[in-house]
2 protein chains.
Amino acid sequence: MPQDTPGFTTHDHAACIRSALSTADAVCAARSVNLTPVRRRVLEILLESHAAMGAYDVLARLDAEGLGSKPPVAYRALTFLVEQGFVHRIESLNAFIACMHPGVAHDPAFMICRSCGAVEEAQVEAALGETATQSGFVVEQTVVEAEGLCPHCQPEAGL
Amino acid sequence: MPQDTPGFTTHDHAACIRSALSTADAVCAARSVNLTPVRRRVLEILLESHAAMGAYDVLARLDAEGLGSKPPVAYRALTFLVEQGFVHRIESLNAFIACMHPGVAHDPAFMICRSCGAVEEAQVEAALGETATQSGFVVEQTVVEAEGLCPHCQPEAGL
DNA sequence: GCAACTCTTGTTATGTTATAACATCCGAGT
DNA sequence: ACTCGGATGTTATAACATAACAAGAGTTGC
């Protein structure tokens, strides 16, 4: 049953959450790292909202549920999830979002609607690859974020 | 006389500062906007350092020179310079850097050395162009930042 | 001249994002 | 029981950023 809007399109949100969580469980088991209650709940919160959330928004949810009330609690969980690749940090929003392709190595890229705030994760092939090679720079990580208007908001903006 | 290291290469720094400042003067005149003393000095500070600087680093310089001591002074000047395209904001560093190609419309991209902090501005052709088109997203601005190791720091890191 | 306006700067106060440092807890292994 | 590593709890503060209002300087129109 499709029911919510992830990026710009509709999808079966409940199934997507279940799937992402079980992938996370499996990956953590395989890596011998611990998806503790707080960490798992933070991932779940991000999956549920299916939007970019600030660390303090996540923290507010944790606090409401008695899982922690101080900033380091949220930041530590988010740091763990980012390290494991289950969550991405959106630099231009100072926010976090659940990954759409957990367990698979990828360079994430994002399209961020400046009107409604929706964020869609995209794939991008080695941005800067050639330029970097030319200048002798070794790329380890990339941040690719586009701001603009999602299909839904274009009419309202007169496009 | 080459004397400093801008991105990863040597160049005539004094000439580069002069040139950028006179371009900024000309562009501001053409656009009928005001390159006031504070704004001009902030640009100059960023050009001199030729590195990414935090707003509060810039502010400290302004303060030392009696040009302003409160955060809004620095942020306002930086905002102006970014709007006019003389300065870029580096999202992943929460920092600012003087543009290497002022007065020319371009989508900036950056290579950021995680070891020495050097930042080189690169050109990139419409990252995400195709992906965005496919999903109906209209891109207005892009953030492209690569973290890695500059040529100088690779040996020290064992590469 | 001077009133009205715009642009810029000065200042106060506060909001938002993030981390250092240290204390405590708990389970695994011995 | 001991201790060691990983995780969490807590205090305090650092770092980044902006809202809101006051005040000056220059210019335009009268």
Side-chain angles (χ1 to χ4, degrees), chain A residues 24-25 28-29 31-43 45-46 51-84 86-97 112 117 143 145, chain B residues 24-25 28-29 31-43 45-46 51-84 86-97 112 114 117 143 145 147:
Chain A
D25 285 329
C28 283
R31 291 179 187 162
S32 301
V33 295
N34 242 321
L35 194 61
T36 62
V38 177
R39 292 169 177 177
R40 197 169 200 279
R41 184 62 190 130
V42 168
L43 176 55
I45 287 167
L46 287 170
M53 293 180 76
Y56 281 76
D57 297 330
V58 172
L59 180 57
R61 298 284 301 274
L62 290 180
D63 196 10
E65 299 171 18
L67 284 172
S69 61
K70 308 298 170 51
V73 173
Y75 279 101
R76 284 196 285 235
L78 288 166
T79 299
F80 171 86
L81 294 168
V82 168
E83 281 168 0
Q84 299 301 321
F86 304 142
V87 164
H88 298 300
R89 177 179 166 83
I90 315 265
E91 295 292 345
S92 55
L93 298 177
N94 292 331
F96 300 85
I97 192 165
I112 304 162
V143 172
E145 301 171 6
Chain B
D25 284 329
C28 283
R31 290 179 187 162
S32 301
V33 295
N34 243 320
L35 194 60
T36 63
V38 178
R39 291 168 178 176
R40 197 168 199 279
R41 185 63 191 129
V42 168
L43 176 55
I45 287 167
L46 288 171
M53 293 180 76
Y56 280 75
D57 297 330
V58 172
L59 180 58
R61 299 284 303 271
L62 291 179
D63 196 9
E65 298 171 18
L67 284 172
S69 63
K70 307 298 168 52
V73 173
Y75 279 102
R76 284 196 285 235
L78 289 166
T79 300
F80 171 87
L81 294 168
V82 168
E83 281 168 0
Q84 300 301 322
F86 304 142
V87 165
H88 299 299
R89 178 179 166 83
I90 315 265
E91 295 292 345
S92 54
L93 299 177
N94 291 332
F96 300 85
I97 193 166
I112 304 163
R114 69 165 158 84
V143 172
E145 299 170 7
E147 185 186 273

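None of the values given here were measured: they were computed from a predicted structure. Labels below follow one simple rule: chain letters A, B, ... track the order of the sequence lines, proteins then strands, and each chain is numbered from 1.
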Tightest non-hydrogen contact, residues Val58(A) and Ile45(A), listed as O-CD1, 4.5 Å
Out of dT11(C), dT10(D), dA18(C), whichever nucleotide has its closest atom nearest the side chain of Pro72(A)
dT10(D)
At 4.0 Å (heavy atoms only), tell me whether Leu67(B) reaches a base, stays on the sugar-phosphate, or touches nothing.
sugar-phosphate
Is it the case that the base of dA17(D) and the side chain of Tyr56(B) share a donor-acceptor contact (distance under 3.5 Å, atom types as modelled)?
yes
Given 3.5 Å as the limit, does a donor-acceptor pair link the side chain of Glu145(A) with the main chain of Glu91(A), or not?
yes
dG6(D) OP1/OP2 closer than 4.0 Å to side-chain N/O of Thr36(A):
no
Closer than 4.0 Å, any side-chain N/O of Arg40(A) to the OP1 or OP2 of dA7(D)?
no
N/O donor-acceptor pair under 3.5 Å between Arg31(B) side chain and Gln84(B) backbone
yes
Where Gly68(A) and Leu59(A) come nearest, the two heavy atoms and their spacing:
O-CD1, 3.8 Å
Between dA7(D) (P) and Glu83(A) (CD): distance, integer Å:
10 Å
Asn94(B) side chain, from C-beta outward: closest of dT11(D), dA18(C), dA17(D)
dA17(D)
Rounding to a whole Å, what distance do you find between Asp63(B):CG and dT11(C):P?
11 Å
Let me know the distance between CG of Leu93(B) and P of dT17(C), rounded to the nearest Å.
18 Å
Winner on side-chain proximity to Val73(A), out of dA7(D), dA17(D), dG9(D), is dG9(D)
Given atom CZ of Arg76(B) and atom C1' of dA22(D), what is their separation to the nearest angstrom?
11 Å
For Leu81(B) and dT8(C), what is the distance between atoms CG and P respectively, to the nearest whole Å?
12 Å
Any Tyr75(B) side-chain N or O less than 4.0 Å from OP1/OP2 of dA17(D):
yes
Rounded off to whole Å, could you give me the CZ-to-C1' distance for the Arg31(A) and dG6(D) pair?
18 Å
Rounding to an integer number of Å, can you tell me how far Lys70(A) NZ sits from dA21(C) P?
19 Å
Can you tell me how far P of dT8(D) sits from CG of Leu62(A), to the nearest Å?
11 Å
Taking all non-hydrogen atoms of both residues into account, name the closest pair between Leu93(B) and Ala52(B) and its distance.
CD1-CB, 4.0 Å
From dT9(C), dT17(C), dT18(D), nucleotide with atom closest to Pro71(B) side chain:
dT18(D)
